[in-house]
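These notes are about the structure you will find just below.
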There are 2 protein chains.
Amino acid sequence: MARAGLTADRLARIGAELADEIGFEQVTASALARRVGVKVASLYSHIANTHDLKTRIALLALEEMADRAADALAGRAGKDALIAFADVYRDYARAHPGRYAAARFPLDPRTAAASAGVRHARMTRAILRGYDLDEPEQTHAVRLLGSVFHGFVSLELAGGFSHSAPDSQESWTRTLDALDALLRTWPAP
Amino acid sequence: MARAGLTADRLARIGAELADEIGFEQVTASALARRVGVKVASLYSHIANTHDLKTRIALLALEEMADRAADALAGRAGKDALIAFADVYRDYARAHPGRYAAARFPLDPRTAAASAGVRHARMTRAILRGYDLDEPEQTHAVRLLGSVFHGFVSLELAGGFSHSAPDSQESWTRTLDALDALLRTWPAP
DNA sequence: CCATTTGCCTAAAGCCTTTAGGGAAAGGCA
DNA sequence: TGCCTTTCCCTAAAGGCTTTAGGCAAATGG
């Protein structure tokens with residue numbers, strides 16, 4: 001019985017691939033074991049349980065999203081930064097729907113606090129440096145941006161905008177235009 | 001063996017209650033049978049399978065959401081309508097998280113087209129009558145509203161805004177103020 | 001009152017998770 | 001090189017969930 005060379009990290013990476021192919025929900029210990037060519041029980045030396053596996057995939061996805069966001073933001077400001085950040089977010093979700101779903105997996109507070117999600121959130125806030133918003137309005141705006149990005153991508157992925165004109169890409173572009181205009185003229189409380 | 005008087009509709013209603021208590025994901029044929037006090041196999045005379053059960057719960061939730069939205073919209077226009085509609089949406093999600101999750105259950109296109117989701121979408125569009133938007137910008141705005149409502153509520157439910165100031169209610173109010181301002185000054189393409 | 005339909009049951013197969021315990025491969029050290 | 005320990009993957013088994021098949025008893029209705 002040749003060794004398969006498994007580690008928790010490798011399982012998370014393969015689990016992420018699997019998630020993109022069959023959906024995050026369907027990533028089971030069984031399916032993962034089949035994919036790597038070992039018996040199910042063998043996984044349990046590396047991961048504690050299914051929840052642990054999903055958490056690791058979630059952390060991996062958050063890491064990737066934060067890395068891409070950082071790349072996109074480098075050297076940009078204002079509307080440029082907003083659009084680059086938003087596009088990278090949406091493109092990631094469309095290219096890796098399973099990983100994107102994983103990134104929305106509920107993490108316990110300690111894990112979430114130590115995840116790359118924090119880095120990603122800080123970058124969302126950094127975008128607002130190009131606009132003139134003080135606290136607490138800045139936080140409200142951060143939350144609005146998060147809501148729009150997640151909401152749009154999630155509805156789009158669920159097929160909510162398909163099979164009807166106009167094209168969803170069009171709506172995305174106009175949504176970002178509108179957000180930029182809104183942030184520049186943010187209403188007083 | 002006294003008869004329990006089950007029907008597909010009753011199972012959907014009880015399933016919806018169960019969803020709010022234990023989460024939509026955990027609504028299994030097993031759990032439902034335990035709840036109504038019959039053996040699991042007995043459910044299969046009324047529902048085709050688990051997917052069918054979840055679909056019925058989803059349709060129920062969409063129906064309820066559309067009914068409440070219609071009530072909220074009656075006799076209102078402009079920002080009033082926007083706020084009433086949005087509040088009803090958010091309040092429903094917070095009072096019935098399991099049903100809200102059910103409402104996001106992916107329906108096949110035919111089922112979705114016959115669901116109350118269509119009515120709900122039409123109402124979202126009706127809100128825009130209070131603002132001055134022509135096609136295709138109106139559709140972009142409908143999609144933006146849907147994204148913000150779903151995105152905000154979903155992040156809030158997942159705990160994304162908790163344990164940090166300001167209060168999420170505050171952000172909701174300001175988000176609606178911002179949306180109203182945006183719709184009134186919608187940028188030209 | 002009997003026949004049919006309907007509703008819930010038992011039984012069983014198949015897949016999933018998780019734990020327990022065993023044997024073989026890898027790696028360190030004499 | 002040869003042994004010893006650790007590591008890794010395996011078999012076995014228990015328990016939960018889904019779904020189908022077939023049976024008996026309660027409701028319905030002529």
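Proteins come first, then strands; the chains are lettered A, B, ... in the order of their sequence lines, and each starts at number 1.
In this structure a side-chain-to-backbone donor-acceptor pair under 3.5 Å is present from Arg10(A) to Gly5(A).
Heavy atoms only, all atoms of each residue included: Asp52(B) and Ile47(B) are closest at OD2-CA, 3.4 Å.
Of the candidate nucleotides dT18(C), dT19(D), dT11(D), dT11(D) has the atom nearest to the side chain of Lys39(A). Residue Val38(B) has its side chain nearest to dC9(C) when only dC10(D), dC9(C), dT19(D) are considered. Checked against dT20(D), dT19(C), dC9(D), the side chain of Tyr44(B) finds its nearest nucleotide in dT20(D). Considering only the side chain of Ser42(A), dC9(D) comes nearest among dT17(C), dT20(D), dC9(D).
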Distances for protein N/O vs nucleotides 14-17 of chain D N/O pairs under 3.5 angstrom?
{"unit_1": "dC17(D)", "atom_1": "OP1", "unit_2": "Arg34(B)", "atom_2": "NH2", "d": "3.3"}
{"unit_1": "dC17(D)", "atom_1": "OP2", "unit_2": "Ser30(B)", "atom_2": "OG", "d": "3.3"}
{"unit_1": "dC17(D)", "atom_1": "OP2", "unit_2": "Arg34(B)", "atom_2": "NH1", "d": "3.4"}

Please list, pair by pair, any protein nitrogen or oxygen found under 3.5 Å from a nitrogen or oxygen in nucleotides 3-7 of chain C.
{"unit_1": "dT6(C)", "atom_1": "O2", "unit_2": "Arg3(B)", "atom_2": "NH2", "d": "2.7"}
{"unit_1": "dG7(C)", "atom_1": "O4'", "unit_2": "Arg3(B)", "atom_2": "NE", "d": "3.4"}
{"unit_1": "dG7(C)", "atom_1": "O4'", "unit_2": "Arg3(B)", "atom_2": "NH1", "d": "2.9"}
{"unit_1": "dG7(C)", "atom_1": "O4'", "unit_2": "Arg3(B)", "atom_2": "NH2", "d": "3.4"}

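Separating the CG atom of Leu32(A) from the P atom of dT18(C) is a distance of 13 Å, rounded to the nearest angstrom. In this structure, CG of Leu43(A) is placed 13 Å from P of dT19(C), rounded to the nearest angstrom.
The pair Arg13(A)-Asp9(A) fails the salt-bridge criterion, with no side-chain N (NZ, NE, NH1 or NH2) lying under 4.0 Å from an Asp/Glu carboxylate O.
Residue Arg125(B) qualifies as enclosed at atom CZ: its count of foreign heavy atoms under 6.0 Å is above 12.
Hydrophobic clustering (side-chain heavy atoms under 4.5 Å, transitive across Ile, Leu, Val, Met, Phe, Trp, Tyr) groups Leu157(A) together with Val153(B).
Remark: the Ser168(B) side chain and the Arg143(A) side chain contain no N/O donor-acceptor pair separated by less than 3.5 Å. Judged by distance alone, the side chains of Tyr100(A) and Asp20(A) never bring a donor and an acceptor atom under 3.5 Å apart.
Ring to ring, Phe85(B) and His120(B) are close: their centroids are under 6.0 angstrom apart.
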Taking only distance into account, with no hydrogens and no angle test, what donor-acceptor pairs under 3.5 Å do side-chain atoms of residues 72-82 of chain A form with protein atoms, sequence neighbours excluded?
{"unit_1": "Arg76(A)", "atom_1": "NE", "unit_2": "Ala72(A)", "atom_2": "O", "d": "2.8"}
{"unit_1": "Lys79(A)", "atom_1": "NZ", "unit_2": "Asp177(A)", "atom_2": "OD1", "d": "2.9"}

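Contacts of Asp134(B) classified as side chain to side chain contact (heavy atoms under 4.5 Å, CB included), with partners at least two apart in sequence or in another chain: none. Residues passing the side chain to side chain contact (heavy atoms under 4.5 Å, CB included) test with Asp167(B), sequence neighbours excluded: Gln169(B), Glu170(B).
Within a heavy-atom distance below 4.0 Å of DNA chain D, no residue of residues 11-27 of chain B is found.
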